[in-house]
Amino acid sequence: MTDAITTTRRSTAETDPLLDDLTTPQRDAVTHVEGPLLVLAGAGSGKTRVITRRIAHLILRVGIAPWQVAAITFTNKAAGEMRDRVTQLMSERQARALTVCTYHSLCARIIRAHAEPLGLTPGYSIYDTSDQKAAVKSALKSLDLSAGNFPPATVLATISNAKNELIDADEFTKTAFDFYSKSVARVYAKYQSVLKKNNALDFDDLLIKMVELLRDHTEVAAALRDRYQYVLIDEYQDTNHAQFMIAHALTGGPDSSQNICVTGDPDQSIYAWRGANIRNILEFESHYPAARTIRLEQNYRSTKRILAVADTLIKHNRKRRDKDLWTQNDQGDHVALVKCYNERHEAQWLVDRLTELNQQEDLAWGAMAVFYRVNSLSRVIEDALREARVPYQIARGTAFYERQEIKDSIAFLRIIANPNDEVSLARIINTPARGISDRSVKAMQAYALAHDVTMAAVVAQPAQVPALNTRAVNSIERFHKMVNAWRVQAGLAPSSVCADAGEHEPTLRFFVQQMLRESGLEQYYRKDTADPGEERIMNLGELVSSAQQFEDELERETQEMPTFTEKLMGYLEQVSLVSDVDAIDDNQGAVTLMTLHAAKGLEFPAIVMAGVEDGLLPHARSQDDDDAIEEERRLFFVGMTRAMRNLMLTFTRERTVFGQTLPAIPSRFLRELPTEHVDTRDLSDAFDPYGEFDEEDNDLMTPRAARRADALRQVDEIPPGTMVRHPSFGLGRVIAVNNVGSQTRARVEFNTAGVKTLVLQYARLERVSP
DNA sequence: GGTGTCGCTGTTTTT
DNA sequence: CAGCGACACC
């Protein structure tokens, strides 16, 4: 974010450095103190600057205590940036007392402090997507449902949607009528009981438990309302129902402060799929009748041309309140629209262009970014950047924690903090191998189920399980002793030897290092022949550094010295709540690659958006739904408005997806752009697609060309009655063909899979009969 | 008890 | 073209 804002100066007798360089509406937003405030901030209108100044104004000019102010953002990166910028305006001590964090980490922290009344312990686990999948699989198994008929990912999506609406398993059951949703309802209920037994919450539960806390525990709610007198919420257009309930419970009731300030832009709402409810921002004034609304419509970021292109696009959304976004910035260059041959050509063009900007226009690598709709597009671009030796970074913060060796390590730490976490226990009870076979684990699980005790209790006393042989019992006892020793050291279990063992608390760094050694993980990965580069060992080293870094930061940020358990639980919480953009370091001096979703809230002088094609943007999964198409359009709008000076859009003639090369169709949104500001170039003929192949691969040309011709012919002639074959649905008969926009769709009645509507472009249909 | 291979499936965006 | 589960083999 740049701080250089062109100002409309207002001459006042006295000047205030907090207000001096602000426009009238910005200043109004900053100086508004009591009562609800809605700031409708268009893209690039200096929103972050307004929020930070407002916080500083509340504290330095109005005299509000910093600990009474909470600012809630969407990502940790945004929170970190906000905290940094606020810190520059006040003393470090004041800034430290502020609450600046994401919804999820705020909830996680408050839940930890009030774990008992919620039926949890402070060491509760936060389950990420893969832990959730494991929990769903275990639920499916105990209900005797197959993971094949109920793909965990799909079931989880349904459950998550319900949770976002605060619909619990009971209520979900009431609305389930068909077999599938009835089954999902049973899985939902079982999944929740698995989580409960494991002393674990998923991401959605963090919000739900917070709602529960504020609703059912009146003293706690009163204390929280009393503490957070001034609440600011960023990106309000992307809040879901649960998040609204939390904000409203803190600020909206009759006993509440009403001091809520939300900022957002309905045109940048891009998370409806995740339960975000755009009505929260549209109906703010009815939720808070006393609300004042301020509009920030002057853009300080982009050139006139970029803004005109983005504005023309977004005006195609029908469900939209019109607004005027304007700028005093230069006219600027045309937006470039480039047609390439395929994704490799696209990547090559983009790397050449960025290099040109770097060398000829002296633009730093860090000033450039590449956006795409889906993560899978990054690979080819990464390859091209690497080959050209252009430094780049990729917004994939969660990737590190998805690695096997890191998940193993985290599972050990979780087991220490939360003995009931059976998902983590299952992961590491025999990793590295310590003589506890699958059979033994199954026997323990069966015993636990039959005697209604926890796995943790069985692990503590394995001798009581008759099905276990002596060797297995010994191995389990050794495992339990090891974990228990760590717990004692962490102050989480009483010491049997000396009473004051807790006096010398280890550092988190030392503790993690020791765990890696004593668990055998380090040794195990060191000997791993599949890891010749010792990448995994390096990752374990990185994990130790991250623990130390967390420890250092925590000690710097809190007034009192945190205890070891606080450090451990805080670390586990942080690790569970990382987001992809958190990996981005603004001072890396590298080109940044990220999805359009991750780009929200950022800005770059030069941006390339790759893969602007139908099926990608708008995404194929959005094509049947008008609301979804509008969201895709907003996504495009968000991407474009991140650009300050240079905006380049690329699409291809053909693209290889899932190993299949298909003709690509330019995005329908491209037709909505104003031609006078767009410079279109077709480079697809200037690329020799066969230049990619070595001589001996030349015979690949024929089938490839033939396949392309095939795909095209299908679109033309597939009259009703034609028998076709689909790779997964099998044989079927075409019952109707129609054109929707640029797409041909066919309704096909399959012998076994029923009637499906397929987009010919993407469905790999094969003609069987004439 | 650990490792390798085969074949299947599911492929958006994320706290 | 993944990543996973099931299975067989060492």
Side-chain angles (χ1 to χ4, degrees), chain A residues 72-79 101-108 126-130 132-134 137 146-149 151-154 156-157 160 163-164 201-207 235 238-240 242-243 269-276 371-377 379-380 395-399 401-402 404 430-441 471-472 475 524 527-530 573-582 594-600 611 615-623 628 631-632 634-636 638-639 656-661 727-728 762:
Chain A
I72 300 171
T73 61
F74 246 69
T75 63
N76 300 302
K77 181 172 191 282
C101 61
T102 65
Y103 254 112
H104 290 265
S105 55
L106 179 72
C107 295
I126 300 171
Y127 278 180
D128 69 13
T129 316
S130 71
Q132 285 179 288
K133 276 189 193 153
K137 280 180 195 164
S146 90
N149 293 333
T154 315
L156 272 170
S160 177
K163 285 187 174 184
N164 285 326
L201 299 180
D202 65 20
F203 292 132
D204 302 320
D205 288 340
L206 289 172
L207 304 174
E235 309 284 8
D238 287 324
T239 51
N240 66 26
Q243 288 165 327
S269 155
I270 54 174
Y271 282 103
W273 56 273
R274 183 172 111 177
F371 299 161
Y372 34 78
R373 174 67 233 266
V374 295
N375 277 307
S376 60
L377 288 199
R379 191 117 137 205
V380 186
R396 212 72 185 79
T398 50
Y401 297 97
E402 282 162 13
Q404 185 194 326
N430 199 36
T431 302
R434 52 175 70 83
I436 307 172
S437 69
D438 280 356
R439 229 191 91 256
S440 303
V441 173
R471 260 182 64 189
S475 302
Y524 175 71
K527 283 198 300 204
D528 189 354
T529 46
E573 173 200 307
Q574 191 204 42
V575 158
S576 307
L577 297 179
V578 282
S579 65
D580 280 337
V581 268
D582 296 346
M594 62 175 90
T595 63
L596 286 165
H597 283 89
K600 190 179 67 168
L616 285 170
L617 186 72
H619 193 272
R621 298 273 274 238
S622 306
Q623 265 160 5
E631 178 150 312
E632 297 285 314
R634 289 193 294 269
L635 196 52
F636 196 9
V638 166
T656 304
V657 194
F658 311 134
Q660 279 236 325
T661 305
S728 48
Y762 306 107

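Below, read A as the first sequence line, B as the second, and so on, with proteins coming before strands; counting in each chain starts at 1. The analysis underlying the following values was restricted to heavy atoms, covering all of them including side chains, and did not include hydrogens, waters or symmetry mates. Since the structure is predicted, the reported quantities are computational estimates derived from the model, not experimental observations.
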Task: Under 5.5 Å and under 30°: A:Trp273 stacked on B:dT13 - done: yes
Open item on the list: Give me the atom names and distance for the closest heavy-atom approach of A:Thr75 to A:Asp582.
Closed with: CB-OD1, 4.1 Å
- [ ] Classify the nucleic acid contact of A:Arg439 as base, sugar-phosphate or nothing, counting any heavy atom under 4.0 Å across all strands shown.
- [x] nothing
Open item on the list: Whether A:Arg396 contacts B:dT14 is assessed here as follows: a side-chain N or O lying under 4.0 Å from the phosphate OP1 or OP2. Is that the case?
Closed with: no
- [ ] Would you classify A:Phe74 as touching base, sugar-phosphate or nothing, given that sugar-phosphate means primed atoms plus P, OP1 and OP2, and contacts are heavy atoms under 4.0 Å?
- [x] sugar-phosphate
Open item on the list: Tell me if a side-chain donor or acceptor on A:Glu632 pairs with a main-chain N or O of A:Ser622 at a distance below 3.5 Å.
Closed with: no
Task: Below 4.0 Å: OP1/OP2 of C:dG5 and any side-chain N or O of A:Lys137 - done: yes
- [ ] Using the P atom as the reference point in each nucleotide, state the distance between B:dT13 and C:dC4 in Å, no decimals.
- [x] 16 Å
Open item on the list: Is there a side-chain contact between A:Asn375 and the phosphate of B:dT11, meaning an N or O under 4.0 Å from OP1 or OP2?
Closed with: no
- [ ] Using only side-chain N and O atoms of A:Thr102, determine if any of them is under 4.0 Å from OP1 or OP2 of B:dT15.
- [x] no
- [ ] Between C:dG5 and B:dT12, how far apart are the C1' atoms? Round to whole Å, please.
- [x] 25 Å
Task: Side-chain N,O (A:Thr595) to OP1/OP2 (B:dT14) below 4.0 Å - done: yes
